[in-house]
Amino acid sequence: MPVIHGFSSHLNAETEGLTFRIQLTVDGYTEKLLLKLIFHLPLDYPSSLPDVSVSSEQLTRKQCIDIKLGLLKKATTLVSEPMVHELLLWLQQNFTTVAEQSVRYQSPRGDCEQRSQGETRTALLQVDHMRAKTKYKKIIEKWTSQLGLTGRLFIGKLILILLQGERKSIKDYLLLQKTSKVDVDSNGKKCKEKMMSVLCEMQLPCGCKQLPAFEVKDYSSLEELKTEFELVGLLELYHKYVHMLV
């Protein structure tokens with residue numbers, strides 16, 4: 001049974017669903033660790049995945065986000081059945097494995113130039129709209145920083161996210177984007193991104209270097225957007241995947 005040291009809940013069944021705040025003890029390599037977990041169960045739970053937040057004074061931000069990703073991946077196998085208790089059991093049983101993988105995949109941003117082109121992937125995503133634009137942008141910048149991804153967020157007539165980095169980091173980003181509440185709906189309520197599409201995901205084109213940072217670029221015309229792709233050496237990507245969207 002999971003060792004739970006604190007538990008509280010908040011219910012607003014008509015508008016937001018149910019929120020659980022749980023303090024869970026897990027066995028680390030040399031000591032017991034206290035994790036603070038928040039599960040927000042949407043109105044259509046368990047048909048939809050819960051929103052999960054993980055924090056701990058004994059772990060790094062990177063480790064916390066990797067634990068969250070592990071929980072979300074496990075949750076995808078439990079859709080349509082109550083899952084919070086199962087997720088807590090899974091976390092206790094698999095914590096050391098998740099923590100070990102987190103350390104293994106951590107790498108400083110300065111290592112980007114040392115990665116071979118074969119290890120670096122490029123993904124291009126399209127988002128239909130951003131109602132809470134400022135918040136949405138900050139979330140994207142936070143995730144790319146935590147996952148060691150570089151690229152661009154282009155905001156204009158089309159909203160495009162260009163990601164570059166390791167395949168695992170890109171997959172983890174996509175999971176976060178699809179399962180976290182990043183925007184608000186027409187009524188101003190927090191909601192998940194349901195209208196994102198992956199235009200492409202491929203090896204970094206031959207002759208291109210990975211972008212050194214993630215930046216937000218606002219553009220006012222499609223010609224300006226085309227120029228931005230040209231500046232980062234991805235004009236072919238624009239012609240193949242973006243031009244047809246206009």
Side-chain angles (χ1 to χ4, degrees), residues 10-21 37-55 61 64-73 75-76 79 83-84 122-165 169-201 213-220 222 224-225 228 241-242 245-246:
H10 171 72
L11 175 64
N12 192 337
E14 294 184 356
T15 58
E16 297 179 2
L18 182 64
T19 299
F20 290 109
R21 298 177 183 272
L37 309 172
I38 300 176
F39 291 91
H40 175 75
L41 313 185
L43 294 177
D44 54 353
Y45 170 85
S47 297
S48 292
L49 297 181
D51 192 23
V52 182
S53 175
V54 179
S55 63
R61 286 185 179 180
C64 288
I65 197 170
D66 282 343
I67 292 169
K68 171 179 177 174
L69 287 165
L71 287 168
L72 290 173
K73 288 175 183 177
T76 60
V79 174
M83 64 183 76
V84 174
T122 294
L124 185 62
L125 321 176
Q126 182 182 15
V127 176
D128 185 72
H129 60 268
M130 290 182 175
R131 289 192 174 95
K133 188 179 295 185
T134 300
K135 177 188 174 183
Y136 207 146
K137 288 193 296 184
K138 288 182 178 179
I139 291 174
I140 292 174
E141 289 176 311
K142 180 180 74 173
W143 286 343
T144 53
S145 175
Q146 291 173 333
L147 295 171
L149 294 169
T150 62
R152 296 287 186 271
L153 169 58
F154 298 113
I155 300 178
K157 182 177 180 179
L158 299 173
I159 301 174
L160 303 172
I161 304 172
L162 176 68
L163 299 174
Q164 292 185 338
S169 295
I170 290 176
K171 286 185 176 180
D172 286 346
Y173 177 91
L174 292 175
L175 181 62
L176 285 170
Q177 183 91 24
K178 293 175 181 177
T179 58
S180 302
K181 293 186 177 181
V182 292
D183 205 1
V184 296
D185 61 20
S186 57
N187 295 317
K189 298 176 184 177
K190 295 180 180 179
C191 64
K192 297 177 182 178
E193 180 56 70
K194 297 181 179 179
M195 301 183 70
M196 180 195 73
S197 56
V198 180
L199 301 179
C200 70
E201 195 270 318
F214 188 87
E215 300 177 8
V216 178
K217 297 285 185 177
D218 292 286
Y219 66 92
S220 56
L222 295 175
E224 190 176 338
L225 176 61
E228 289 291 345
Y241 297 101
V242 180
L245 298 174
V246 180

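When all heavy atoms of A213 and R152 are compared, the closest pair comes out as O-NH1, 3.5 Å. Listed here is the closest heavy atom pair of L124 and Y241: CD2-CB, 4.2 Å. Across every non-hydrogen atom of L72 and L175, the tightest pair is CB-CD2, 3.9 Å. Counting all heavy atoms, side chain and backbone alike, M83 lies closest to A75 at SD-CB, 3.7 Å.
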* Asked: Checking salt bridge (charged side-chain N to carboxylate O under 4.0 Å, His left out) for the pair K73/D66: CA distance, chi angles, key distance, verdict?
  -> CA-CA 10 Å; K73 288 175 183 177; D66 282 343; over 6 Å; no
* **Derivation of the side chain to side chain contact (heavy atoms under 4.5 Å, CB included) call for W143 and V182** => CA-CA 11 Å; W143 286 343; V182 292; 3.3 Å; yes
* To do: Mind running side chain to side chain contact (heavy atoms under 4.5 Å, CB included) on I139 and K135 for me, showing each step along the way?
  => CA-CA 6 Å; I139 291 174; K135 177 188 174 183; 3.9 Å; yes
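Residue D51 holds its CG atom at 7.5 Å from OG1 of T179, rounded to the nearest 0.5 Å. Remark: Y173 OH to L163 CG distance equals 6.0 Å, nearest 0.5 Å. The CG atom of D44 sits 9.5 Å away from atom CG of L49, with the distance rounded to the nearest 0.5 Å. The CG atom of L37 lies 8.5 Å from the OG atom of S53; values are rounded to the nearest 0.5 Å. The line from NZ of K137 to CG of D218 is 5.5 Å long, rounded to the nearest 0.5 Å. To the nearest 0.5 Å, the span separating OG on S48 from CG on L41 amounts to 11.0 Å.
Under the 4.5 Å side-chain criterion, counting only non-hydrogen atoms from C-beta, V54 is in contact with V52. Using a 4.5 Å cut-off on side-chain heavy atoms (C-beta onward), E228 and L162 make no contact. Using a 4.5 Å heavy-atom threshold, the side chains of K68 and L176 count as touching. Counting heavy atoms from C-beta outward, V242 and F154 have side chains that stay 4.5 Å or more apart. Side chains of M196 and L174 form a contact here, defined as non-hydrogen atoms less than 4.5 Å apart. Using a 4.5 Å heavy-atom threshold, the side chains of L225 and K157 count as separate. With a 4.5 Å cut-off on side-chain heavy atoms, L199 and L245 count as touching. Between T134 and K138 the shortest side-chain heavy-atom distance falls below 4.5 Å.
The main-chain N or O of K142 is never found under 3.5 Å from a side-chain atom of S145 such that the two would form a donor-acceptor pair. Distance alone, capped at 3.5 Å, is enough to place a donor-acceptor pair between the S169 side chain and the L147 backbone. At distances below 3.5 Å, at least one donor-acceptor pair connects side-chain atoms of D185 with backbone N or O atoms of N187. For K133 (side chain) and I155 (main-chain N/O), no donor-acceptor pair under 3.5 Å exists by modelled atom type.
A salt bridge between D183 and K194 is absent, with no side-chain N of the basic residue lying under 4.0 Å from a carboxylate O of the acidic one.
Side-chain polar atoms of H40 and K181 form a donor-acceptor pair below 3.5 angstrom. Between the side chains of E193 and Y136, at least one donor-acceptor pair of N or O atoms lies under 3.5 Å.
Applying the 6.0 Å contact sphere to NZ of K190 captures no more than 12 heavy atoms from other residues, nucleotides or ligands. When the shell of 6.0 Å around NZ of K192 is examined, it contains more than 12 heavy atoms from other residues, nucleotides or ligands.
Under the side chain to side chain contact (heavy atoms under 4.5 Å, CB included) criterion, V184 pairs with R131, A132, sequence neighbours left out.
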